[in-house]
Structures are given as structure tokens and as C-alpha cells.
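Numbered from 1 within each chain, the chains take letters A, B, ... in sequence-line order.
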2 protein chains.
Amino acid sequence: MAAGAAINKAVVRGIGDDCAILRVRSGFELLVTTDLCIEDVHFRREWHPPQSVGHRCLARGLSDMAAMGGEPLSCFLSLGLPSGLSQSWVDGFLQGLHDLAQRFKVQLSGGDISSAQQITADIVVVGQAPAGKALLRSRARPGDRIYVTGDLGGSAAVLRQLYQGKKVKSAKSSRHFYPAPRVEVGGWLRQKGLAKSMIDLSDGLSVDLAHICEESRVSAIIYEDRVPVAKGAGLSLALHGGEDYELLFTAPAKAKLPNGIGGIKVTEIGLIRKRSNYSSAIQILGENGKERSLAPLGWEHFRKQG
Amino acid sequence: MAAGAAINKAVVRGIGDDCAILRVRSGFELLVTTDLCIEDVHFRREWHPPQSVGHRCLARGLSDMAAMGGEPLSCFLSLGLPSGLSQSWVDGFLQGLHDLAQRFKVQLSGGDISSAQQITADIVVVGQAPAGKALLRSRARPGDRIYVTGDLGGSAAVLRQLYQGKKVKSAKSSRHFYPAPRVEVGGWLRQKGLAKSMIDLSDGLSVDLAHICEESRVSAIIYEDRVPVAKGAGLSLALHGGEDYELLFTAPAKAKLPNGIGGIKVTEIGLIRKRSNYSSAIQILGENGKERSLAPLGWEHFRKQG
């Protein structure tokens, strides 16, 4: 693998030795996340151009970093490639990954390569946050308000069209093909100390909020009429569709959250409550004024529905 | 993935959030290495028991860490699994990885999982070394002596038997099935300041020494009669066979190297020389007293020979 350009000074030594060497700022902790992308599981060659696949791989890792309020520094890429794959596909993939990496000053600092039956990309993102300040899933408390960034369900709506055999343009502005991880929003929330718990919406609101509830040992209620539904998606996809890579976070009632952070919309959608019993952890308040259970169906469910 | 037991205090938060959180010692740098293991490329299910596959995956990363003189802290595992794979295979794999991780107090702190056509395991090892003290490939100087740990060619000799259809016992003492990464030796050499450059022998002596020569812009000569040939291997496998996971390092002539470190044999096998021209970077001094070129054939060559 060619040496990545030096775009982050935390990387003392990148590609070319047995290990990469990084320097984490004094008083900071290290954050690490890994995400596996496999052909026909996470993407399809006939649906996703290689630039989109490369972008999406890194975006998943950067979104995990955003969800901790972390500052990404460096990434590592392990790549399994089928023997028949064209060089132009590989170049496109690396270009998509590279462009997103440049935008966040994330330096490709190592990795591995092998032949494989399916295109396989495992991405590692390494970042930093001041010691003790990373935003965890486990700090939501009863009475906290629940917020999300952006609109939800847009990525799943595109996926549904793809499953239906429709042609969809892979525009650079598409949150399905080129999701922009909310790194700046996550960092801002951590710096201001406003958010108490946070997660990124990769599996879908119902599943990811359930993670927050489980780790924090709380329950939650969502207001149906407040959920920001993306264009082309209905309420169901907004609640259960995955891969939006928006952030979900909780903040105390007295915290003054703006309704936008760095140009990204922020919407209050619900309330953290005491946990009663786990099987019905999350409720949704319908427009008819009645509460019902919100099962964590998520992304896998919709994939299977096709 | 189930939460890993807390066996390394550098891991502030392991599995269970968007990122793992690690604390690197003050004044230390972070070391990161990734290694991809794919079925039918790096191992075969009919040759390698699952415990061996799990052990070998982590051993590759730990060997890279050893080659920098680093102290391993934590690992991350991304796992792609075919749908028909038995739970007992996965359990065996994780057991093999876990046992080796325990031995070096390396905490499994995260990862990812997906379905895949082939068994796919990408392992990330994170470690630390005092700032500026990690042993690089680029510090070999003319006049330095070349040393290797252990015996060479043993792993390739077993692989040759497997290719020939012979039954080979996967004993725990086998350096092919259960290679012991030389983490203590690498750490000792770094602490004592004796070694100047180091690499692990994963691709084979001829290829890995060529990496040292390339990165250090030097040449080298190996003394044929000094190469420590493993039982069952000949000179050719000792020079070109891969996956021994021994260490190769260089030290100035005046450095007093013991002939064993922590019970591991250390052998002086050659000399770093000025670089003349790259195409014949490495020479070998035959038992007949004549020098000849040593082409970096390595491991891939022997795999293809079958």
C-alpha cells in the first residue's frame, strides 16, 4: 500500500514499518473503532459505485468516532480483493475513502491486503478525546431529553428503491451513497458538555435508542409527531431504517440545546424515563395521544423485507 | 461480541460502546498494526484446527508489535463468518485467540462481525513504547551485525508437508500451528538499546532482510554456515520460508549481544554493508567461500511451488 500523505501530525510514522506510530495528546485518551464492510452484505457492486463504497467504509468508522465526541486522527485499512477485480474499481474505492479522509484530516497509516472471494474492507479509525470526556451510551438519566441530528430514514428509503430494482443516482449529496459523519457536531456537544449520552444511528433509531436504554438502564418515550422524517421515507423507515449516520443524544431538561449545530438540524424527539421492565423499554406516543411499544426492529428487519 | 475480561489496565472501556477507550502511558507513543487472515489464503480448515487459526491471527499482530519492541495492550477483531460454519469452530477460534491474548495481557476491546463467504478475521493490535524508542526498519548502518532469534524454516517445512498431503500433528509446541511471538525478546532489545533496527520474519528471511535494506538504504551479506536451520527444514526454507515469527535485528559491532535472550537463542548471521546497487542488495557467503546474490523469494514463492 502506498504511503499516505502526512495530513495529521499525530501520526509519527505511517505506512512502511511493522507498526504505525501515533502520538496522543497529553491528557487525552485514545479512541478506537473497527468496521467490517463485505460485498453483498454491506454493499453491492451493481448498486454502489466504488467511490461510494470507499466513502461509506470510512464514514462508518468516523460516525462511531463522532458518537463519542472524539477527534479522528488516523485510519487503517485491511483489504481483501477478488482476483478478477479491476484496478479501476480499487482506485475508485481508494479515492472515495481518501477524499473523506482528507476532509477530516484522517491519515491512512497502515493496513493489510490479501486475495479474497468477496471484496472485504475492514476499517479502523483511531482518535482522541480529553481523558474522561468521551460521550458514552451509559449516561442517560430519567428526565433527560432525547435529540437527533438531521432527518431519518433517507438512507433506508434509497435502499428500498434499490431492492425494488429502481435506478437511483448516486449523487454526492445522497446520504445513502455519501453519508457525512457528524464529527463536528459530536465534538461540539462534547466540548460544550451539553450532551450526557450519545450514539450514532447506524442500525436505526429503534435499535440504537434501545442500546442507550440498555447501557444506561433506563426507558424512553418518542413523540411520533416530532420524528424528523427524511424526504422519500415514511415514519416506519425513520424509526427503523439504518445507515443514516446521524447522532442521537440525551441532555438534561435544563440544558439549552440550539435547534441547529454547525448548520445541522437538531430536533428534540422524546424523553428518557425510569426503566420499568426491559421487554417494553421504548414507547412511542402516537399522534392519537396513545402510547404503544416501539420494538427495536432496525435495519436487518428492513433488509429482509426487501 | 461478549465483553472481554479486564486484563489490561490501559483499557478504560472495552466492548460495548461506539469506540473503545484506551489510556497510553504519559511519555509513550501508540503502536498500531493490522493483519488480515482469510480462509484458503492464510489457513485451511482441513489443515488448521480452529484454535490454531485464532492463535495464528493474533500471533501475527503480536509479532509486529514485538518487531518494534512494543508492549501490546489491546486487540480488536473483525470477523466474517460463513452461514454454515459450526458454533464449535467459532468457539475454538476464539479460544485459541483468547489463550494467547491472556498470555500477553492483551485485552480484546472491540471489533465487528458480519456474514461472509470465507472465514475472514482482521486483527488489530494496539500497544505502546516510550516516545522515540520504537525499533524501526530504517536504522541499520554499514558495519552492523545481523542477528536472528530461534531457528528458521520450521513453519514452512510443516506447510510443505501439508501441501504434500501428509498428516501433521498440530501440537501446541509447533511453531507452524502455535507460533510464539517474541514480544519479550523485542521489549528487552528495545530497553537495553542494543538493537538498532528490527523486523519480524513473517515473509521469510530473504524478503524481510530486503525490507530492512530498503528502508535503511544499505546492503547485507549473510553467512550460509551461520543460518540456524530448523529441524525438518533445509537451507532454502530457512532463507525463504515464511511465518517463523522470529525476529531479525541489527546491532553495532561493539554491542555485546548474548547468545540467548530469555531462553530464546540469538545467532549472528551476517553483516550490514554499504549499498552498491539495489538489484543485488543481499549477498550470501557460501560454504565454498564464494558470494552469490540472495534474491528475495520469500514465502509466496514457496506457496506457489506447493
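In this structure, the portion of A:Val126 lying under 4.5 Å from any heavy atom of chain B is its side chain and not its backbone. In this structure, chain A has heavy atoms under 4.5 Å from both the backbone and the side chain of B:Glu29. Contact annotation for A:Arg60: only side-chain heavy atoms (C-beta onward) come within less than 4.5 Å of a heavy atom of chain B. For chain A, the nearby parts of B:Ala20 are the backbone and the side chain; heavy atoms of each come within less than 4.5 Å. Proximity to chain B (any heavy atom under 4.5 Å) is shown, for A:Met65, by both the backbone and the side chain. When heavy atoms are compared at a cutoff of 4.5 Å, A:Ile38 approaches chain B solely by way of its side chain, counted from C-beta outward. Contacts between A:Gln117 and chain B at a heavy-atom distance below 4.5 Å involve backbone atoms as well as side-chain atoms. If you measure heavy-atom distances from A:Val32 to chain B, the contacts under 4.5 Å come from both the backbone and the side chain. For A:Ala116, the parts lying near chain B are the backbone and the side chain together; criterion is any non-hydrogen pair under 4.5 Å.
Atom CZ of B:Arg141 sits in a crowded spot, with more than 12 heavy atoms from other residues, nucleotides or ligands closer than 6.0 Å. The number of heavy atoms from other shown groups lying within 6.0 Å of CZ (B:Arg45) is above 12. Within a 6.0 Å radius of CZ in A:Arg25, other residues, nucleotides and ligands contribute 12 heavy atoms or fewer.
Highest contact tally toward chain B, considering only A:Asp35, A:Val124, A:Val125, is held by A:Asp35 [criterion: heavy-atom pairs under 4.5 Å]. Highest contact tally toward chain B, considering only A:Ala134, A:Ser115, A:Gly27, is held by A:Ser115 [criterion: heavy-atom pairs under 4.5 Å]. With respect to chain B, the highest number of heavy-atom pairs below 4.5 Å among A:Ser114, A:Ala131, A:Ala67, A:Ser109 belongs to A:Ser114. Ranked by heavy-atom pairs under 4.5 Å with chain B, the list A:His211, A:Met68, A:Glu215, A:Met198 is led by A:Met68.
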Exercise. For A:Thr33 and B:Asp112, run side chain to side chain contact (heavy atoms under 4.5 Å, CB included): C-alpha distance rounded to whole Å, both residues' side-chain angles, the deciding distance at 0.1 Å, then the answer.
Key: CA-CA 9 Å; A:Thr33 176; B:Asp112 199 2; over 6 Å; no
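Summarising the geometry of B:Cys19 relative to A:Leu31, their closest heavy-atom pair is CB-CB, 4.1 Å, with the distance given to 0.1 Å.
Residues that satisfy the salt bridge (charged side-chain N to carboxylate O under 4.0 Å, His left out) test with B:Arg137, not counting sequence neighbours, are A:Asp17, A:Asp18.
Applying the side chain to side chain donor-acceptor pair (under 3.5 Å) rule to pairs touching residues 119-129 of chain B yields A:Ser78-B:Asp122, B:Glu71-B:Gln128, sequence neighbours excluded.
Contact annotation: the side chain of B:Leu136 approaches that of A:Arg13 to within less than 4.5 Å [non-hydrogen atoms, C-beta and beyond].
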